[in-house]
Amino acid sequence: MRLPRRELTIAMRLILAFVAPLTVTLLLTGSGAADSKPQPKPAASVRMHRLVLPINTDDPTTMRALISTSLNLPKYYQERNEAFTIEVVAYNAGVHMLRADTSPVKDMLRILRGVNPNIRFVVCEATKLGMERQEGHPITLLDNVDLVPSGPGRIIELQEAGWSYIRS
């Protein structure tokens, strides 16, 4: 039995409508895509825990609590063999924590830096400049303190980059 030409054309078009996309998909995904063997998972990378600690008060008790957190959390993650880093962001009255002339916790900060090298201290440059204008002289910060244009802006940047945040 012979099919009429019209029915043969329709049958060929239907076959092509299904076969062509399947062929293109197989060519684009490669021959291994249909492999039924489970692929080994890549080794889990070491998770980096990152914490931003803001300080915006000149209260020595709050400063000591921040230092205590900066000492204890790294120990916790070190026992779990997990990486941990902290950035302390000082702005407003919190800049006093990192000033050479007014810091009530200078000695504790020296100890903290010795114990935890993965800690960074930054000061809001806008606050520092305001203090210098108000006091009429340059302000000296403790060693290894970096300036950022805006303390709150830096906190937002770190949060947007996935850093955790603990309010002091």
Side-chain angles (χ1 to χ4, degrees), residues 24-25 28-30 32-33 35 37-168:
V24 170
T25 302
L28 291 176
T29 58
D35 193 4
K37 294 180 191 173
Q39 299 296 321
K41 294 181 181 178
S45 62
V46 175
R47 183 172 175 195
M48 170 60 85
H49 300 280
R50 301 166 304 184
L51 176 65
V52 58
L53 293 173
I55 182 75
N56 63 359
T57 179
D58 60 356
D59 176 41
T61 302
T62 303
M63 292 178 188
R64 285 191 295 274
L66 184 143
I67 292 169
S68 176
T69 299
S70 299
L71 285 168
N72 292 324
L73 270 176
K75 288 180 190 174
Y76 171 78
Y77 285 106
Q78 188 176 27
E79 289 172 359
R80 297 172 61 174
N81 290 326
E82 296 178 18
F84 189 81
T85 188
I86 296 174
E87 185 163 320
V88 175
V89 180
Y91 62 101
N92 295 339
V95 171
H96 286 285
M97 179 178 175
L98 301 173
R99 282 180 58 166
D101 60 340
T102 62
S103 176
V105 291
K106 271 190 270 197
D107 295 333
M108 292 178 75
L109 288 171
R110 263 189 237 115
I111 293 168
L112 174 59
R113 285 175 192 248
V115 172
N116 184 3
N118 293 323
I119 190 165
R120 180 179 183 221
F121 294 96
V122 299
V123 165
C124 174
E125 187 173 29
T127 301
K128 180 182 180 282
L129 292 172
M131 287 179 165
E132 289 174 341
R133 272 192 307 273
Q134 185 177 11
E135 296 177 24
H137 61 84
I139 291 173
T140 304
L141 300 174
L142 298 173
D143 292 338
N144 299 316
V145 173
D146 299 318
L147 288 174
V148 293
S150 168
R154 178 65 180 158
I155 292 168
I156 291 168
E157 288 172 0
L158 293 173
Q159 285 180 304
E160 289 173 346
W163 286 59
S164 299
Y165 173 83
I166 297 177
R167 187 176 170 101
S168 56

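Being a predicted model, the structure only gives us computed values, none of them experimental.
For Q134, the CD atom is loosely surrounded, since the number of other residues' heavy atoms within 6.0 Å does not exceed 12. Heavy-atom contacts from other residues, nucleotides or ligands closer than 6.0 Å to CD of Q78 number 12 or fewer.
Here the straight-line distance linking atom OH of Y76 with atom OG1 of T69 works out to 14.0 Å at 0.5 Å rounding. Atoms CD1 and CG, from I67 and L109 in turn, are 4.0 Å apart once rounded to the nearest 0.5 Å. One finds the CD1 atom of I139 at 12.0 Å from the CG atom of L98 (value rounded to the nearest 0.5 Å). Between the NE2 atom in H96 and the CD1 atom in I55 there is a gap of 11.5 Å [rounded to 0.5 Å]. Annotation: the span from M48 atom CE to W163 atom CH2 amounts to 8.0 Å, rounded to 0.5 Å.
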Chi angles and distances behind the salt bridge (Lys or Arg N to Asp or Glu O under 4.0 Å) call for E79, K75: CA-CA 6 Å; E79 289 172 359; K75 288 180 190 174; over 6 Å; no
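Using a 4.5 Å cut-off on side-chain heavy atoms (C-beta onward), R50 and L158 make no contact. In this structure, the side chains of R154 and V52 stay at 4.5 Å or more apart for every pair of heavy atoms.
The aromatic rings of H49 and F84 are tilted relative to each other, their planes meeting at an angle between 30° and 60°.
A donor-acceptor pair under 3.5 Å is absent between the side-chain atoms of N92 and the main chain of G94, judged by distance alone. With hydrogens and angles ignored, the 3.5 Å screen pairs no side-chain donor or acceptor of T62 with any backbone N or O of D58. S68 places no side-chain N or O within donor-acceptor distance of the main-chain N or O of R64, the cut-off being under 3.5 Å.
Contact record, M63 with P104: SD-CG, 3.6 Å, taken as the closest heavy-atom pair. Summarising the geometry of C124 relative to Y91, their closest heavy-atom pair is CB-CB, 3.6 Å, with the distance given to 0.1 Å. Annotation for V88 and S70: closest pair CG2-OG, 4.4 Å, computed over non-hydrogen atoms.
Exactly one residue among L53, V89, L112 makes a side-chain contact (heavy atoms from CB on, under 4.5 Å) with F121. That residue is L112.
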